[in-house]
Protein chains: 2
Amino acid sequence: MGKLYVVGIGPGGLDYMTIKAKKAIEESDIIVGYKTYIKFIESIIQDKEVISTGMGKEKERCVKALELSKDKIVSIISSGDAGVYGMAGLILELRKDENVEIIPGVTASLASASVVGAPLMHDNCNISLSDLMTPYNLIKDRVEYASKGDFIISLYNPKSKGRPHYLKECMDIIKKYRKGNTPVAVVKNALRDGESTEIFTLETFKDDNVDMFSTVIIGNSESYIKDGFFITPRGYLINK
Amino acid sequence: MGKLYVVGIGPGGLDYMTIKAKKAIEESDIIVGYKTYIKFIESIIQDKEVISTGMGKEKERCVKALELSKDKIVSIISSGDAGVYGMAGLILELRKDENVEIIPGVTASLASASVVGAPLMHDNCNISLSDLMTPYNLIKDRVEYASKGDFIISLYNPKSKGRPHYLKECMDIIKKYRKGNTPVAVVKNALRDGESTEIFTLETFKDDNVDMFSTVIIGNSESYIKDGFFITPRGYLINK
(Lines give C-alpha, C1' and ligand atoms only; values in the text may rest on other atoms or scores of the structure.)
Protein backbone atom coordinates (compact mmCIF):
# COMPACT_ATOMS: atom_id res chain seq x y z
CA MET A 1 0.00 0.00 0.00
CA GLY A 2 1.26 3.45 -0.91
CA LYS A 3 1.34 6.77 0.84
CA LEU A 4 1.31 10.45 -0.04
CA TYR A 5 3.41 12.87 1.98
CA VAL A 6 2.48 16.52 1.50
CA VAL A 7 5.77 18.15 2.37
CA GLY A 8 6.56 21.76 3.20
CA ILE A 9 10.25 22.04 2.38
CA GLY A 10 10.67 25.43 4.09
CA PRO A 11 12.25 28.45 2.42
CA GLY A 12 14.53 26.52 0.09
CA GLY A 13 17.92 26.15 1.77
CA LEU A 14 18.21 22.44 2.63
CA ASP A 15 19.15 23.14 6.25
CA TYR A 16 15.84 24.89 6.85
CA MET A 17 13.78 21.82 6.06
CA THR A 18 12.54 19.79 9.04
CA ILE A 19 14.20 16.45 9.69
CA LYS A 20 10.82 14.81 9.08
CA ALA A 21 10.49 16.48 5.67
CA LYS A 22 13.90 15.18 4.65
CA LYS A 23 13.07 11.67 5.85
CA ALA A 24 9.78 11.68 3.91
CA ILE A 25 11.55 12.77 0.73
CA GLU A 26 14.27 10.15 1.21
CA GLU A 27 11.67 7.45 1.80
CA SER A 28 9.71 8.37 -1.35
CA ASP A 29 9.84 6.61 -4.69
CA ILE A 30 8.43 9.60 -6.55
CA ILE A 31 8.68 13.37 -5.99
CA VAL A 32 6.03 15.67 -7.47
CA GLY A 33 6.28 19.46 -7.53
CA TYR A 34 6.51 22.80 -9.26
CA LYS A 35 9.86 22.89 -11.06
CA THR A 36 11.21 25.96 -9.23
CA TYR A 37 10.77 24.17 -5.89
CA ILE A 38 12.10 20.85 -7.21
CA LYS A 39 15.36 22.70 -7.94
CA PHE A 40 15.77 23.58 -4.26
CA ILE A 41 15.98 19.91 -3.31
CA GLU A 42 17.69 18.58 -6.45
CA SER A 43 20.74 17.33 -4.57
CA ILE A 44 18.76 14.94 -2.36
CA ILE A 45 16.44 13.43 -5.00
CA GLN A 46 18.87 12.28 -7.65
CA ASP A 47 17.85 8.63 -7.32
CA LYS A 48 14.13 9.37 -7.50
CA GLU A 49 11.52 9.59 -10.19
CA VAL A 50 10.64 13.30 -10.41
CA ILE A 51 7.46 14.72 -11.88
CA SER A 52 7.76 18.47 -12.16
CA THR A 53 5.28 20.76 -13.83
CA GLY A 54 5.02 24.49 -14.49
CA MET A 55 3.05 27.16 -12.74
CA GLY A 56 -0.73 26.97 -12.85
CA LYS A 57 -0.79 23.17 -13.06
CA GLU A 58 -1.62 22.68 -9.40
CA LYS A 59 -4.71 20.54 -9.88
CA GLU A 60 -3.05 18.19 -12.40
CA ARG A 61 -0.11 17.83 -10.04
CA CYS A 62 -2.36 16.91 -7.11
CA VAL A 63 -4.46 14.43 -9.11
CA LYS A 64 -1.30 12.75 -10.37
CA ALA A 65 0.28 12.58 -6.91
CA LEU A 66 -2.85 11.06 -5.39
CA GLU A 67 -3.11 8.50 -8.19
CA LEU A 68 0.55 7.45 -7.88
CA SER A 69 0.28 7.17 -4.10
CA LYS A 70 -2.11 4.23 -4.37
CA ASP A 71 0.83 1.85 -4.61
CA LYS A 72 3.99 3.98 -4.28
CA ILE A 73 5.46 6.26 -1.64
CA VAL A 74 5.08 9.76 -3.07
CA SER A 75 6.04 13.22 -1.79
CA ILE A 76 4.33 16.28 -3.25
CA ILE A 77 6.29 19.33 -2.22
CA SER A 78 5.48 22.99 -1.56
CA SER A 79 7.94 25.67 -0.57
CA GLY A 80 7.43 27.01 2.94
CA ASP A 81 4.57 25.21 4.67
CA ALA A 82 2.33 23.10 2.42
CA GLY A 83 -0.65 24.19 4.52
CA VAL A 84 -0.20 27.95 3.93
CA TYR A 85 -1.06 28.87 0.32
CA GLY A 86 0.48 25.48 -0.60
CA MET A 87 -0.69 22.08 -1.84
CA ALA A 88 -2.17 20.59 1.35
CA GLY A 89 -5.66 22.00 0.91
CA LEU A 90 -6.13 20.95 -2.70
CA ILE A 91 -4.79 17.45 -1.95
CA LEU A 92 -7.33 16.99 0.83
CA GLU A 93 -10.11 18.47 -1.31
CA LEU A 94 -9.37 15.95 -4.06
CA ARG A 95 -8.56 12.99 -1.81
CA LYS A 96 -10.79 9.92 -1.93
CA ASP A 97 -9.32 7.22 0.29
CA GLU A 98 -5.59 7.68 -0.23
CA ASN A 99 -3.25 7.58 2.76
CA VAL A 100 -2.15 11.22 3.19
CA GLU A 101 0.20 12.78 5.77
CA ILE A 102 0.84 16.53 5.94
CA ILE A 103 4.34 17.57 7.08
CA PRO A 104 4.58 21.21 8.18
CA GLY A 105 7.44 23.55 7.34
CA VAL A 106 8.84 27.01 7.95
CA THR A 107 6.51 29.34 6.03
CA ALA A 108 7.83 32.44 4.21
CA SER A 109 6.81 34.94 6.88
CA LEU A 110 8.79 33.05 9.55
CA ALA A 111 11.83 32.58 7.32
CA SER A 112 11.81 36.24 6.27
CA ALA A 113 11.29 37.43 9.84
CA SER A 114 14.31 35.50 11.11
CA VAL A 115 16.53 37.16 8.53
CA VAL A 116 15.69 40.73 9.61
CA GLY A 117 15.31 40.22 13.38
CA ALA A 118 12.15 39.55 15.35
CA PRO A 119 9.28 41.46 13.72
CA LEU A 120 6.56 38.83 14.37
CA MET A 121 6.89 38.63 18.16
CA HIS A 122 3.29 39.65 18.74
CA ASP A 123 -0.11 39.05 17.11
CA ASN A 124 0.41 38.85 13.36
CA CYS A 125 -1.25 37.89 10.10
CA ASN A 126 -0.43 36.58 6.66
CA ILE A 127 -2.21 38.11 3.65
CA SER A 128 -1.63 37.12 0.03
CA LEU A 129 -1.99 39.90 -2.55
CA SER A 130 -2.64 37.38 -5.32
CA ASP A 131 -6.09 37.95 -6.80
CA LEU A 132 -6.11 34.75 -8.86
CA MET A 133 -8.57 33.18 -6.46
CA THR A 134 -9.58 36.02 -4.17
CA PRO A 135 -11.38 39.24 -5.17
CA TYR A 136 -9.12 42.28 -4.78
CA ASN A 137 -11.77 44.07 -2.71
CA LEU A 138 -11.62 41.33 -0.09
CA ILE A 139 -7.81 41.54 -0.04
CA LYS A 140 -8.00 45.29 0.57
CA ASP A 141 -10.63 44.82 3.29
CA ARG A 142 -8.31 42.38 5.04
CA VAL A 143 -5.41 44.79 4.88
CA GLU A 144 -7.67 47.42 6.39
CA TYR A 145 -8.91 45.19 9.25
CA ALA A 146 -5.38 43.99 9.97
CA SER A 147 -4.26 47.62 10.14
CA LYS A 148 -7.09 48.59 12.47
CA GLY A 149 -6.26 45.63 14.73
CA ASP A 150 -2.58 46.65 14.90
CA PHE A 151 -1.49 43.23 13.63
CA ILE A 152 2.02 42.84 12.26
CA ILE A 153 1.32 42.11 8.58
CA SER A 154 3.24 39.71 6.31
CA LEU A 155 2.34 40.11 2.64
CA TYR A 156 2.77 37.01 0.46
CA ASN A 157 2.90 37.25 -3.36
CA PRO A 158 3.27 41.01 -2.94
CA LYS A 159 3.81 42.01 -6.55
CA SER A 160 3.49 40.50 -9.99
CA LYS A 161 3.49 41.89 -13.51
CA GLY A 162 -0.26 41.61 -13.85
CA ARG A 163 -0.96 43.73 -10.74
CA PRO A 164 2.05 45.99 -10.12
CA HIS A 165 0.02 48.63 -8.23
CA TYR A 166 -1.65 46.43 -5.57
CA LEU A 167 1.26 46.63 -3.16
CA LYS A 168 1.40 50.40 -3.25
CA GLU A 169 -2.36 50.64 -2.78
CA CYS A 170 -2.25 48.29 0.19
CA MET A 171 0.62 50.23 1.76
CA ASP A 172 -1.51 53.37 1.40
CA ILE A 173 -4.29 51.66 3.37
CA ILE A 174 -1.84 50.72 6.13
CA LYS A 175 -0.47 54.29 6.24
CA LYS A 176 -3.91 55.56 7.29
CA TYR A 177 -3.51 53.68 10.57
CA ARG A 178 0.24 53.57 11.32
CA LYS A 179 2.95 56.13 11.91
CA GLY A 180 5.34 57.01 9.08
CA ASN A 181 8.30 55.57 11.00
CA THR A 182 6.75 52.07 11.22
CA PRO A 183 9.39 49.59 10.00
CA VAL A 184 8.84 47.73 6.73
CA ALA A 185 11.07 44.85 5.59
CA VAL A 186 11.37 43.44 2.10
CA VAL A 187 13.02 40.02 2.14
CA LYS A 188 13.73 38.33 -1.16
CA ASN A 189 14.75 34.66 -1.37
CA ALA A 190 14.91 34.30 2.43
CA LEU A 191 17.29 31.55 3.58
CA ARG A 192 18.18 30.35 0.11
CA ASP A 193 20.52 31.36 -2.70
CA GLY A 194 20.13 34.98 -3.72
CA GLU A 195 18.86 36.22 -0.36
CA SER A 196 18.57 40.00 -0.04
CA THR A 197 16.90 42.32 2.43
CA GLU A 198 15.85 45.95 2.55
CA ILE A 199 14.59 47.81 5.60
CA PHE A 200 12.36 50.86 5.11
CA THR A 201 9.76 52.79 7.03
CA LEU A 202 6.22 53.28 5.77
CA GLU A 203 7.35 56.77 4.69
CA THR A 204 10.48 55.71 2.80
CA PHE A 205 9.13 52.44 1.36
CA LYS A 206 9.97 51.70 -2.26
CA ASP A 207 8.73 48.61 -4.06
CA ASP A 208 11.28 48.59 -6.91
CA ASN A 209 12.93 45.34 -5.85
CA VAL A 210 9.79 43.52 -4.72
CA ASP A 211 8.78 40.47 -6.75
CA MET A 212 7.01 37.13 -6.33
CA PHE A 213 9.99 35.72 -4.42
CA SER A 214 9.70 38.48 -1.82
CA THR A 215 7.81 38.78 1.44
CA VAL A 216 6.96 42.24 2.80
CA ILE A 217 6.59 42.60 6.59
CA ILE A 218 4.99 45.70 8.14
CA GLY A 219 5.46 46.27 11.88
CA ASN A 220 2.79 47.13 14.44
CA SER A 221 2.58 50.38 16.42
CA GLU A 222 5.35 49.21 18.80
CA SER A 223 7.88 47.93 16.24
CA TYR A 224 11.22 49.66 15.86
CA ILE A 225 14.68 49.28 14.37
CA LYS A 226 17.73 48.80 16.57
CA ASP A 227 21.24 48.18 15.21
CA GLY A 228 19.71 47.12 11.91
CA PHE A 229 17.34 44.58 13.51
CA PHE A 230 13.57 44.87 13.06
CA ILE A 231 12.08 44.26 16.51
CA THR A 232 8.52 44.08 17.78
CA PRO A 233 8.50 44.00 21.58
CA ARG A 234 6.59 41.17 23.21
CA GLY A 235 4.12 43.29 25.05
CA TYR A 236 2.22 46.53 25.32
CA LEU A 237 2.61 46.88 29.07
CA ILE A 238 6.37 47.15 29.48
CA ASN A 239 8.46 50.21 28.76
CA LYS A 240 11.05 50.02 26.07
CA MET B 1 34.75 34.69 19.88
CA GLY B 2 31.38 33.27 20.90
CA LYS B 3 27.96 33.18 19.31
CA LEU B 4 24.33 33.05 20.37
CA TYR B 5 21.87 30.99 18.37
CA VAL B 6 18.23 31.77 19.08
CA VAL B 7 16.66 28.48 18.11
CA GLY B 8 13.03 27.63 17.45
CA ILE B 9 12.90 23.89 18.07
CA GLY B 10 9.44 23.46 16.51
CA PRO B 11 6.55 21.70 18.25
CA GLY B 12 8.68 19.36 20.35
CA GLY B 13 9.05 16.08 18.50
CA LEU B 14 12.72 15.96 17.41
CA ASP B 15 11.84 15.19 13.80
CA TYR B 16 9.96 18.46 13.47
CA MET B 17 13.01 20.59 14.19
CA THR B 18 14.84 22.04 11.18
CA ILE B 19 18.19 20.52 10.28
CA LYS B 20 19.78 23.91 10.97
CA ALA B 21 18.28 24.01 14.49
CA LYS B 22 19.71 20.58 15.24
CA LYS B 23 23.13 21.59 13.91
CA ALA B 24 23.14 24.75 16.02
CA ILE B 25 22.29 22.79 19.16
CA GLU B 26 24.93 20.19 18.39
CA GLU B 27 27.54 22.90 17.81
CA SER B 28 26.71 24.65 21.11
CA ASP B 29 28.68 24.40 24.35
CA ILE B 30 25.74 25.61 26.43
CA ILE B 31 21.97 25.28 26.06
CA VAL B 32 19.67 27.77 27.80
CA GLY B 33 15.90 27.40 28.04
CA TYR B 34 12.66 26.98 29.93
CA LYS B 35 12.78 23.55 31.54
CA THR B 36 9.65 22.19 29.81
CA TYR B 37 11.25 22.85 26.41
CA ILE B 38 14.66 21.57 27.47
CA LYS B 39 12.94 18.21 28.12
CA PHE B 40 11.87 17.97 24.48
CA ILE B 41 15.50 17.94 23.32
CA GLU B 42 17.05 16.09 26.29
CA SER B 43 18.26 13.19 24.19
CA ILE B 44 20.48 15.36 21.96
CA ILE B 45 22.06 17.59 24.64
CA GLN B 46 23.41 15.05 27.10
CA ASP B 47 27.01 16.18 26.64
CA LYS B 48 26.19 19.88 27.07
CA GLU B 49 26.05 22.32 29.91
CA VAL B 50 22.33 23.08 30.36
CA ILE B 51 20.90 26.13 32.07
CA SER B 52 17.17 25.71 32.53
CA THR B 53 14.92 28.03 34.45
CA GLY B 54 11.25 28.12 35.33
CA MET B 55 8.39 30.09 33.82
CA GLY B 56 8.50 33.88 34.13
CA LYS B 57 12.30 34.04 34.15
CA GLU B 58 12.55 35.10 30.50
CA LYS B 59 14.64 38.21 31.05
CA GLU B 60 17.17 36.50 33.34
CA ARG B 61 17.49 33.70 30.81
CA CYS B 62 18.17 36.13 27.96
CA VAL B 63 20.69 38.19 29.95
CA LYS B 64 22.53 35.02 30.95
CA ALA B 65 22.56 33.62 27.40
CA LEU B 66 23.91 36.89 25.97
CA GLU B 67 26.60 37.06 28.64
CA LEU B 68 27.74 33.47 28.08
CA SER B 69 27.81 33.96 24.31
CA LYS B 70 30.70 36.41 24.57
CA ASP B 71 33.16 33.52 24.52
CA LYS B 72 31.11 30.33 24.12
CA ILE B 73 28.72 28.94 21.53
CA VAL B 74 25.30 29.14 23.16
CA SER B 75 21.79 28.14 22.01
CA ILE B 76 18.78 29.69 23.71
CA ILE B 77 15.74 27.68 22.73
CA SER B 78 12.05 28.42 22.30
CA SER B 79 9.39 25.93 21.33
CA GLY B 80 7.84 26.59 17.93
CA ASP B 81 9.46 29.59 16.26
CA ALA B 82 11.62 31.77 18.52
CA GLY B 83 10.34 34.83 16.64
CA VAL B 84 6.64 34.22 17.41
CA TYR B 85 5.90 34.86 21.13
CA GLY B 86 9.38 33.38 21.78
CA MET B 87 12.80 34.59 22.88
CA ALA B 88 14.06 36.29 19.70
CA GLY B 89 12.57 39.71 20.41
CA LEU B 90 13.81 40.01 23.98
CA ILE B 91 17.29 38.82 22.98
CA LEU B 92 17.53 41.53 20.32
CA GLU B 93 16.09 44.15 22.69
CA LEU B 94 18.78 43.32 25.27
CA ARG B 95 21.63 42.72 22.81
CA LYS B 96 24.63 45.06 22.90
CA ASP B 97 27.24 43.79 20.46
CA GLU B 98 26.92 40.02 20.80
CA ASN B 99 26.91 37.83 17.69
CA VAL B 100 23.30 36.66 17.38
CA GLU B 101 21.67 34.41 14.77
CA ILE B 102 17.93 33.66 14.73
CA ILE B 103 16.93 30.19 13.48
CA PRO B 104 13.24 29.90 12.55
CA GLY B 105 11.04 26.92 13.37
CA VAL B 106 7.59 25.45 12.85
CA THR B 107 5.32 27.59 15.02
CA ALA B 108 2.36 26.09 16.93
CA SER B 109 -0.32 27.18 14.45
CA LEU B 110 1.48 25.41 11.58
CA ALA B 111 2.16 22.26 13.61
CA SER B 112 -1.44 22.11 14.85
CA ALA B 113 -2.84 22.78 11.39
CA SER B 114 -0.89 19.91 9.86
CA VAL B 115 -2.35 17.49 12.40
CA VAL B 116 -6.00 18.28 11.56
CA GLY B 117 -5.72 18.88 7.81
CA ALA B 118 -5.23 22.17 5.96
CA PRO B 119 -7.13 24.88 7.85
CA LEU B 120 -4.62 27.72 7.21
CA MET B 121 -4.63 27.60 3.42
CA HIS B 122 -5.77 31.19 3.08
CA ASP B 123 -5.17 34.53 4.87
CA ASN B 124 -4.75 33.80 8.56
CA CYS B 125 -3.66 35.30 11.85
CA ASN B 126 -2.14 34.34 15.18
CA ILE B 127 -3.55 35.91 18.36
CA SER B 128 -2.35 35.16 21.88
CA LEU B 129 -4.99 35.28 24.62
CA SER B 130 -2.34 35.87 27.29
CA ASP B 131 -2.92 39.22 28.98
CA LEU B 132 0.38 39.23 30.88
CA MET B 133 1.76 41.86 28.54
CA THR B 134 -1.24 42.89 26.45
CA PRO B 135 -4.45 44.53 27.71
CA TYR B 136 -7.45 42.21 27.35
CA ASN B 137 -9.42 44.92 25.54
CA LEU B 138 -6.82 44.99 22.77
CA ILE B 139 -6.93 41.19 22.53
CA LYS B 140 -10.72 41.29 22.13
CA ASP B 141 -10.46 44.07 19.53
CA ARG B 142 -8.06 41.94 17.53
CA VAL B 143 -10.39 38.95 17.66
CA GLU B 144 -13.17 41.23 16.41
CA TYR B 145 -11.13 42.69 13.51
CA ALA B 146 -9.87 39.24 12.54
CA SER B 147 -13.47 38.01 12.50
CA LYS B 148 -14.65 40.94 10.38
CA GLY B 149 -11.79 40.32 7.94
CA ASP B 150 -12.72 36.61 7.62
CA PHE B 151 -9.20 35.56 8.63
CA ILE B 152 -8.64 32.00 9.78
CA ILE B 153 -7.71 32.52 13.45
CA SER B 154 -5.15 30.56 15.48
CA LEU B 155 -5.37 31.24 19.22
CA TYR B 156 -2.15 30.79 21.21
CA ASN B 157 -2.16 30.44 25.02
CA PRO B 158 -5.93 30.00 24.76
CA LYS B 159 -6.71 29.24 28.40
CA SER B 160 -5.03 29.41 31.78
CA LYS B 161 -6.24 29.17 35.36
CA GLY B 162 -6.03 32.92 35.87
CA ARG B 163 -8.33 33.73 32.93
CA PRO B 164 -10.53 30.67 32.27
CA HIS B 165 -13.35 32.71 30.66
CA TYR B 166 -11.33 34.60 27.96
CA LEU B 167 -11.58 31.81 25.41
CA LYS B 168 -15.34 31.54 25.70
CA GLU B 169 -15.72 35.33 25.45
CA CYS B 170 -13.53 35.45 22.35
CA MET B 171 -15.47 32.62 20.72
CA ASP B 172 -18.65 34.62 21.37
CA ILE B 173 -17.12 37.55 19.47
CA ILE B 174 -16.26 35.28 16.53
CA LYS B 175 -19.79 33.82 16.53
CA LYS B 176 -21.22 37.26 15.75
CA TYR B 177 -19.51 37.09 12.34
CA ARG B 178 -19.35 33.40 11.38
CA LYS B 179 -21.84 30.64 10.79
CA GLY B 180 -22.51 28.11 13.53
CA ASN B 181 -21.10 25.29 11.38
CA THR B 182 -17.66 26.94 11.05
CA PRO B 183 -15.05 24.31 12.00
CA VAL B 184 -13.01 24.74 15.19
CA ALA B 185 -10.02 22.54 16.05
CA VAL B 186 -8.41 22.09 19.44
CA VAL B 187 -4.96 20.56 19.12
CA LYS B 188 -3.06 19.72 22.29
CA ASN B 189 0.65 18.81 22.23
CA ALA B 190 0.78 18.87 18.43
CA LEU B 191 3.53 16.63 16.99
CA ARG B 192 4.95 15.61 20.34
CA ASP B 193 4.16 13.07 23.07
CA GLY B 194 0.60 13.30 24.32
CA GLU B 195 -0.86 14.71 21.09
CA SER B 196 -4.66 14.91 21.00
CA THR B 197 -7.15 16.64 18.75
CA GLU B 198 -10.82 17.58 18.88
CA ILE B 199 -12.88 18.93 16.01
CA PHE B 200 -15.94 21.04 16.78
CA THR B 201 -18.05 23.69 15.12
CA LEU B 202 -18.58 27.13 16.59
CA GLU B 203 -21.97 25.85 17.77
CA THR B 204 -20.72 22.66 19.45
CA PHE B 205 -17.40 24.04 20.77
CA LYS B 206 -16.45 23.01 24.32
CA ASP B 207 -13.29 24.25 26.00
CA ASP B 208 -13.05 21.56 28.71
CA ASN B 209 -9.81 20.07 27.38
CA VAL B 210 -8.16 23.32 26.33
CA ASP B 211 -5.03 24.31 28.25
CA MET B 212 -1.78 26.21 27.74
CA PHE B 213 -0.38 23.37 25.61
CA SER B 214 -3.28 23.72 23.17
CA THR B 215 -3.82 25.77 20.04
CA VAL B 216 -7.36 26.58 18.91
CA ILE B 217 -7.96 27.13 15.18
CA ILE B 218 -11.18 28.71 13.90
CA GLY B 219 -11.93 28.44 10.16
CA ASN B 220 -13.01 31.22 7.80
CA SER B 221 -16.37 31.44 6.00
CA GLU B 222 -15.26 28.82 3.43
CA SER B 223 -13.77 26.21 5.77
CA TYR B 224 -15.38 22.80 6.05
CA ILE B 225 -14.82 19.28 7.34
CA LYS B 226 -14.39 16.36 4.95
CA ASP B 227 -13.60 12.80 6.08
CA GLY B 228 -12.40 14.19 9.40
CA PHE B 229 -10.02 16.71 7.78
CA PHE B 230 -10.39 20.45 8.47
CA ILE B 231 -10.00 22.14 5.07
CA THR B 232 -10.00 25.78 4.00
CA PRO B 233 -10.12 26.01 0.21
CA ARG B 234 -7.46 28.10 -1.47
CA GLY B 235 -9.75 30.61 -3.05
CA TYR B 236 -13.05 32.40 -3.04
CA LEU B 237 -13.59 32.20 -6.78
CA ILE B 238 -13.87 28.46 -7.34
CA ASN B 239 -16.84 26.29 -6.55
CA LYS B 240 -16.45 23.51 -4.06
Side-chain angles (χ1 to χ4, degrees), chain A residues 10 14-20 22-23 81 83-86 88-93 95 102-107 110-111 113-114 117-128 132-135 138 141-142 145-146 148-151 191 226-227 229 231-238 240, chain B residues 10 14-20 22-23 81 83-86 88-93 95 102-107 110-111 113-114 117-128 132-135 138 141-142 145-146 148-151 191 226-227 229 231-238 240:
Chain A
L14 285 179
D15 270 2
Y16 293 92
M17 189 184 291
T18 65
I19 294 161
K20 178 74 180 175
K22 192 167 182 216
K23 283 183 181 173
D81 184 291
V84 180
Y85 312 114
L90 196 49
I91 285 288
L92 293 177
E93 288 188 75
R95 174 184 170 276
I102 316 278
I103 299 174
V106 172
T107 187
L110 302 182
S114 76
L120 305 182
M121 282 300 296
H122 212 284
D123 303 332
N124 64 86
C125 67
N126 298 323
I127 302 176
S128 168
L132 286 179
M133 284 182 294
T134 308
L138 176 57
D141 281 352
R142 287 211 173 122
Y145 286 123
K148 285 182 177 170
D150 202 27
F151 286 92
L191 300 176
K226 179 194 157 200
D227 301 335
F229 289 108
I231 303 174
T232 301
R234 291 186 307 163
Y236 283 77
L237 304 180
I238 44 172
K240 282 205 284 274
Chain B
L14 286 178
D15 269 2
Y16 292 92
M17 189 183 295
T18 65
I19 294 161
K20 177 74 181 174
K22 193 168 181 216
K23 283 183 181 173
D81 183 291
V84 180
Y85 314 113
L90 196 49
I91 286 288
L92 293 178
E93 288 188 77
R95 174 184 170 275
I102 316 279
I103 299 173
V106 172
T107 187
L110 302 182
S114 76
L120 307 182
M121 281 299 296
H122 212 285
D123 303 330
N124 64 87
C125 67
N126 299 322
I127 302 176
S128 168
L132 287 179
M133 285 182 294
T134 308
L138 176 57
D141 282 351
R142 286 210 173 122
Y145 286 123
K148 285 181 177 170
D150 203 26
F151 287 92
L191 300 176
K226 178 194 156 200
D227 300 335
F229 289 108
I231 303 174
T232 302
R234 292 186 306 163
Y236 284 78
L237 304 179
I238 45 173
K240 281 204 288 274

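So you know, we letter chains A, B, ... as the sequences are listed, proteins then strands, and number each from 1.
The line from CG of B/Asp81 to CE of A/Met121 is 9.5 Å long, rounded to the nearest 0.5 Å. We find the OG1-CG distance between B/Thr107 and A/Leu120 to be 9.5 Å, quoted to the nearest 0.5 Å.
When A/Ala113, A/Pro119, A/Gly10, A/Ala118 are compared by the number of non-hydrogen pairs under 4.5 Å with chain B, A/Ala118 comes out ahead. Chain B forms more heavy-atom pairs under 4.5 Å with one residue of A/Ile102, A/Leu191, A/Leu138, A/Asn126 than with any other, namely A/Asn126. The greatest number of non-hydrogen atom pairs below 4.5 Å with chain A, out of B/Asp150, B/Thr232, B/Asn124, is found for B/Asn124.
The shortest non-hydrogen separation linking B/Pro104 to A/Leu110 is CB-O, 3.9 Å. Across all their heavy atoms, A/Leu14 and B/Ile19 have their closest contact at O-CD1, 3.6 Å. For the pair A/Gly149 and B/Tyr145, the tightest heavy-atom approach, listed with the atom from each and the gap, is CA-CD1, 3.5 Å. Residues A/Asp123 and B/Ser128 approach most closely at OD1-N, 2.9 Å, considering heavy atoms. Residue A/Cys125 comes nearest to B/Cys125 through the heavy atom pair CB-CB, 3.5 Å, listed as atom of the first residue, atom of the second, then distance. B/Arg95 approaches A/Asp227 most closely through the heavy-atom pair NH1-OD2, 3.4 Å.
Both the backbone and the side chain of A/Tyr85 come within contact range of chain B, with heavy atoms under 4.5 Å apart. In this structure, the portion of A/Ile231 lying under 4.5 Å from any heavy atom of chain B is its side chain and not its backbone. For a residue to count as touching a neighbouring chain, one of its non-hydrogen atoms must lie under 4.5 Å from one of that chain's; by this rule B/Tyr16 touches chain A with backbone and side chain alike. Looking at A/Asp141, there are no atoms closer than 4.5 Å to chain B (heavy atoms on both sides), in backbone or side chain.
Each of B/Lys22, B/Lys23, B/Lys20 was evaluated against A/Asp15; a single residue qualifies, B/Lys23, per the salt bridge (Lys or Arg N to Asp or Glu O under 4.0 Å) test.
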> Are B/Ser114 and A/Ile103 close enough, and set up right, to give a side chain to side chain contact (heavy atoms under 4.5 Å, CB included), and what steps lead you there?
Replying inline: CA-CA 6 Å; B/Ser114 76; A/Ile103 299 174; over 6 Å; no

> Given B/His122 and A/Arg142, is the side chain to side chain contact (heavy atoms under 4.5 Å, CB included) satisfied, shown in steps?
Replying inline: CA-CA 12 Å; B/His122 212 285; A/Arg142 287 211 173 122; 3.3 Å; yes

> Given A/Lys226 and B/Leu92, is the side chain to side chain contact (heavy atoms under 4.5 Å, CB included) satisfied, shown in steps?
Replying inline: CA-CA 8 Å; A/Lys226 179 194 157 200; B/Leu92 293 178; 5.9 Å; no

